[in-house]
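Contents: one structure, followed by commentary.
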Amino acid sequence: MEDKNTCAAVLPVSTLSEPLLLGKGADLATADDLEAQLPSYHAATGASFSRTCLNLTNAVSGIGVLSMPYAVAQGGWLSLVLFALVGALCYYTGTLIERCMRADPAAITSYPDIGKFAFGSAGRRAIAFFMYVELYLVAISFLVLEGDNLDKLFPGVRVELTGGYHLEGKQLFIAVAAAVVLPTTWLKNLGVLAYVSAIGLVASAVLTASLIWAGVAETGFHRSNTMILNLSGLPTSLGLYFVCFTGHAVFPTIYSSMKNNKHFSKVLLVSSVLCSLNYGLTAVLGYMIYGDDVQSQVTLNLPSGKLYTKVAIVMTLINPLAKYALLAAPITEAVEEKFSFPADSKPARVAISTVVVVSTAVVASTVPFFGYLMSFIGSFLSVMATVIFPCLCFLKIYKAEGIRRIEIMAIVCILMIGVFVAVTGTYTSLQQIIGTF
């Protein structure tokens, strides 16, 4: 559970068609660090436009929706202008990733490949490190969320094991959550994962509906203790708004999974609009209902014992379960490529996915102060993957082709915003970690 000083940071956003760059990918074919490569999917088996929309929307939409009312409470109603700006920036940097991948489609099939194409092997290793560590830690945070909330729903549950061992509380429910998500990580075709994604999107919509239910049934939508603008809280609001649009690390995987990846920018636009509407509606409703008394997770404000409260918590739990497989997929693919397993080897994929899930469950159950540690690492790693890397790689790849001056200025501004969010988020997280000792 976060306190009201939490300030997290993350991500970002572009379109425009650019000519393909040819001849730069020869050295990529012989790259020895295959840890970052992800498979490209054949058009006959790739995901359709609608299924890709589901996957991408599920990748972007997440548990950040719970903090949206709190973000508005920190910055005031006018901070929603920042929310719209962050959404636009995130869309733009997402399209920068797409344009980088189009520079040489044969050589670039993953996010780390973009780093290799732009900055050589060092670029690939840097992006691979930030991307996979971020995805792994976010997957762990999902299991932590599941364990904490299920333990609150069902306190005192204990299971006796053989040999005198037992599982109880948070650790028990983390193990249960890991067992539930495990089969979804065995799926290789992201078109199939679209059905799992659909469940997550329905859960987000029902969560918003439960807030409307709460407003109608209880306090109403007319709280007077709201602010127009709170300058001191704007950094916190900005960080939380960025967190809502995380997901860039898996964009290349989803792009490569499409039947027709020329439509990726349209998919990204649809997903960004859908997520923004859901986030914005939740933010407005939550702040109207609870005002400045809203907590860092709006579900904590809901009264105990009410049906809509139980529905909201259950929906909160479903979303991470539905999203876990999308986060684990790039990690699994990277390990497969690193150890040269055949692309169609199901036993290898099942074994690797199982190791990933079990390891995240173990870490989620044992690491102390993990919430604050996640906030610290997430603030730094996420902003690198979603703001810094897309902008730097794009500038490097396309500088010889000529980039319009106005776009260069825009990218420089985005880089400055990314650095600001990373510094403020990391500083706040370090304060929280130090405060636990």
Side-chain angles (χ1 to χ4, degrees), residues 24-42 45-46 55 59 97 100-101 103-140 142-143 178 181-190 192-193 247-257 324-364 377 381-382 384-386 389-390 393:
K24 275 189 158 187
D27 60 327
L28 291 179
T30 58
D32 55 1
D33 50 344
L34 296 174
E35 72 276 10
Q37 292 193 23
L38 299 175
S40 56
Y41 292 73
H42 191 275
T45 59
N55 283 333
I97 292 176
C100 288
M101 294 193 71
D104 191 340
I108 304 176
T109 59
S110 72
Y111 201 175
D113 282 342
I114 296 175
K116 171 69 175 180
F117 195 82
F119 298 104
S121 296
R124 167 178 283 177
R125 286 192 293 268
I127 290 183
F129 172 79
F130 283 100
M131 185 183 88
Y132 293 125
V133 172
E134 179 195 4
L135 291 176
Y136 188 79
L137 292 175
V138 171
I140 293 173
F142 281 175
L143 294 181
V181 301
L182 180 58
T184 67
T185 65
W186 297 340
L187 302 173
K188 186 176 182 65
N189 190 325
L190 294 191
V192 178
L193 280 181
H248 287 51
V250 299
F251 283 5
T253 306
I254 295 175
Y255 174 90
S256 298
S257 76
Y324 186 99
L326 285 174
L327 298 178
I331 301 173
T332 301
E333 301 293 349
V335 176
E336 287 180 332
E337 292 290 343
K338 176 65 176 178
F339 293 99
S340 302
F341 289 115
D344 58 349
S345 176
K346 291 184 179 179
R349 183 172 187 82
V350 169
I352 296 170
S353 299
T354 301
V355 170
V356 170
V357 173
V358 171
S359 64
T360 56
V362 170
V363 175
I377 297 177
L381 296 179
S382 295
M384 294 295 292
T386 57
F389 286 147
C393 289

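By convention here, the first residue in the shown sequence is residue 1.
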Restricting to ring pair (Phe, Tyr, Trp, His ring centres under 6.0 Å), what partner residues turn up for Tyr255, sequence neighbours left out? Phe264
What's the shortest heavy-atom distance between Ala361 and Ala178, and which atoms? CB-CB, 3.9 Å
How long is the straight-line distance from OH of Tyr132 back to CD of Glu333, given to the nearest 0.5 Å? 9.0 Å
Just to verify, what does Val355 make a side chain to side chain contact (heavy atoms under 4.5 Å, CB included) with, not counting sequence neighbours? none
How about Phe129: does its CZ atom have over 12 heavy atoms from other parts shown lying under 6.0 Å from it? no
Where the side chain of Thr386 meets the backbone of His248, is there a donor-acceptor pair that is under 3.5 Å apart? no
Heavy atoms only: give me the nearest Thr109-Pro105 pair and the separation to one decimal. CG2-O, 4.1 Å
Say you draw a straight line from OG of Ser256 to CE of Met101; how long is it, rounded to the nearest 0.5 Å? 3.5 Å
Using the side chain to side chain contact (heavy atoms under 4.5 Å, CB included) criterion, which residues pair with Ala348? Sequence neighbours excluded. Phe341, Ser345
Verify side chain to side chain contact (heavy atoms under 4.5 Å, CB included) between Thr360 and Phe142, making sure each step is shown before the conclusion. CA-CA 10 Å; Thr360 56; Phe142 281 175; over 6 Å; no
Find the distance between CG (Leu135) and OG1 (Thr332) and round it off to the nearest 0.5 Å. 10.5 Å
Distance-only, no hydrogens or angles: does the Ser353 side chain make a donor-acceptor pair with backbone N or O of Thr185 under 3.5 Å? yes
Taking all atoms of both residues into account, what is the closest heavy-atom pair of Pro252 and Ile97, and its distance? CG-CG2, 3.9 Å
Output, in order, the C-alpha distance, side-chain angles, deciding distance and verdict of side chain to side chain contact (heavy atoms under 4.5 Å, CB included) for Val363 and Tyr136. CA-CA 10 Å; Val363 175; Tyr136 188 79; 4.2 Å; yes
Rounded to the nearest 0.5 Å, how far apart are CD1 of Ile127 and NZ of Lys116? 12.0 Å
Report the distance from atom CD of Glu336 to atom CD1 of Ile331, rounding to the nearest 0.5 Å. 12.5 Å
Between Tyr111 and Phe251, is the ring centre distance below 6.0 Å? no
Rounded distance [0.5 Å steps], SG in Cys393 versus CD1 in Ile108: 9.0 Å
Could you please spell out the steps behind the side chain to side chain contact (heavy atoms under 4.5 Å, CB included) verdict for Leu143 and Tyr324? CA-CA 9 Å; Leu143 294 181; Tyr324 186 99; 4.2 Å; yes
